[in-house]
Amino acid sequence: MSTIPPDIYEHVGELAADITNATLADDDALAASLYQRLQLYHDEQLAAGRSHPFIIETLADYTDDPAQAIRYYEQALAMSRHMTGDEPTHTILIGIGEQLIELGRREQAVAFIRDGRAEAVRRGDTDWIENADRLL
């Protein structure tokens, strides 16, 4: 079960949708501005003691720099593993793998993707199973 506070989920989800729409409309300036808003929101939540892996993973999802994306994903993964409960990590693991492929590090990527796929199977997340299979 996810521990994402509803207000964080809603705000980050809206920003992510807006970034996606700006990107699809080829409005790079708007997408960059929205990404900066996401970064600022993360900084605000961090300062308030409310940082969450979901915010960091979303930063990773929308950065154009594969190395920076991996750093964000690793930060989100570490935070998720330190949380109580059963915080999902399969999307993070598969995200790391995808970025490693972008960097030409396929052998290393496969291990992350397989681990992410195994968790996706355990959670019954068919979309992410398919994504992992596509990458593998």
Once you round to the nearest 0.5 Å, how far does CG of Asn131 lie from OG1 of Thr126?
11.5 Å

Just list the side-chain donor-acceptor pairs under 3.5 Å for residues 63-73, sequence neighbours left out, or say none.
residue : atom : partner : partner atom : Å
Thr63   : OG1  : Asp65   : N            : 3.4
Asp65   : OD1  : Ala67   : N            : 3.1
Asp65   : OD1  : Gln68   : N            : 3.4
Gln68   : OE1  : Arg71   : NE           : 3.4
Gln68   : OE1  : Arg71   : NH2          : 3.0
Tyr73   : OH   : Asp61   : OD1          : 2.4

Among the clusters formed by ILVMFWY side chains lying less than 4.5 Å apart, do Ile55 and Tyr9 turn up in the same one?
yes

Exercise: identify the closest heavy-atom pair between Gly97 and Ala109:
O-CB, 3.2 Å

Is it possible for you to say whether Leu103 and Ile101 belong to one hydrophobic cluster, with membership spreading through side-chain heavy-atom contacts below 4.5 Å?
no

Note: with side-chain heavy atoms under 4.5 Å as the link, the other cluster members for Leu40 come out as none

Run the side chain to side chain contact (heavy atoms under 4.5 Å, CB included) test against Glu14 and tell me which residues pass, sequence neighbours left out.
Glu10

What residues, two or more places apart in sequence or in another chain, satisfy side chain to side chain contact (heavy atoms under 4.5 Å, CB included) together with Ala120?
His90, Asp125, Trp128, Ile129

Nearest 0.5 angstrom please: Ile19 CD1 to Tyr62 OH, how far?
6.0 Å

How would you list all residue pairs meeting side-chain hydrogen bond (donor to acceptor under 3.5 Å, both in side chains) that involve residues 38-50, not counting sequence neighbours?
Asp7-Arg50, His42-Ser51, Gln45-Arg50

With a 4.5 Å cut-off on side-chain heavy-atom distances among I, L, V, M, F, W and Y, is there a chain of contacts connecting Met79 to Ile8?
yes

Can you check whether Ala17's main-chain N or O pairs, donor with acceptor, with Asn21's side chain at less than 3.5 Å?
yes

Going from CD on Glu74 to CD1 on Ile96, what distance comes out if it is rounded to the nearest 0.5 angstrom?
5.5 Å

Non-neighbouring partners of Glu57 that pass side chain to side chain donor-acceptor pair (under 3.5 Å), sequence neighbours left out:
Thr91

Applying salt bridge (charged side-chain N to carboxylate O under 4.0 Å, His left out), can you list everything that pairs with Arg122, at least two apart in sequence or on another chain?
Asp86

Pair up each side-chain donor or acceptor in residues 26-38 with any protein partner under 3.5 Å, not counting sequence neighbours, and list the distances.
residue : atom : partner : partner atom : Å
Asp27   : OD1  : Leu30   : N            : 3.0
Tyr35   : OH   : Leu59   : O            : 3.0

Give me the atom names and distance for the closest heavy-atom approach of Ala16 to Thr58.
CB-CG2, 4.1 Å

Can you name the residues that form a side chain to side chain contact (heavy atoms under 4.5 Å, CB included) with Arg81, not counting sequence neighbours?
Leu77, Leu93

Under the side chain to side chain contact (heavy atoms under 4.5 Å, CB included) rule, collect the residues that match up with Glu98, sequence neighbours excluded.
Arg134, Leu135

If the condition is side chain to side chain donor-acceptor pair (under 3.5 Å), which residues does Gln108 pass it with, not counting sequence neighbours?
Arg105

Under the side chain to side chain donor-acceptor pair (under 3.5 Å) test, residues paired with Thr89 that sit two or more places apart:
Glu119

At their closest point, which heavy atom of Arg117 faces which heavy atom of Ile94, and how far apart are they?
N-CD1, 4.1 Å

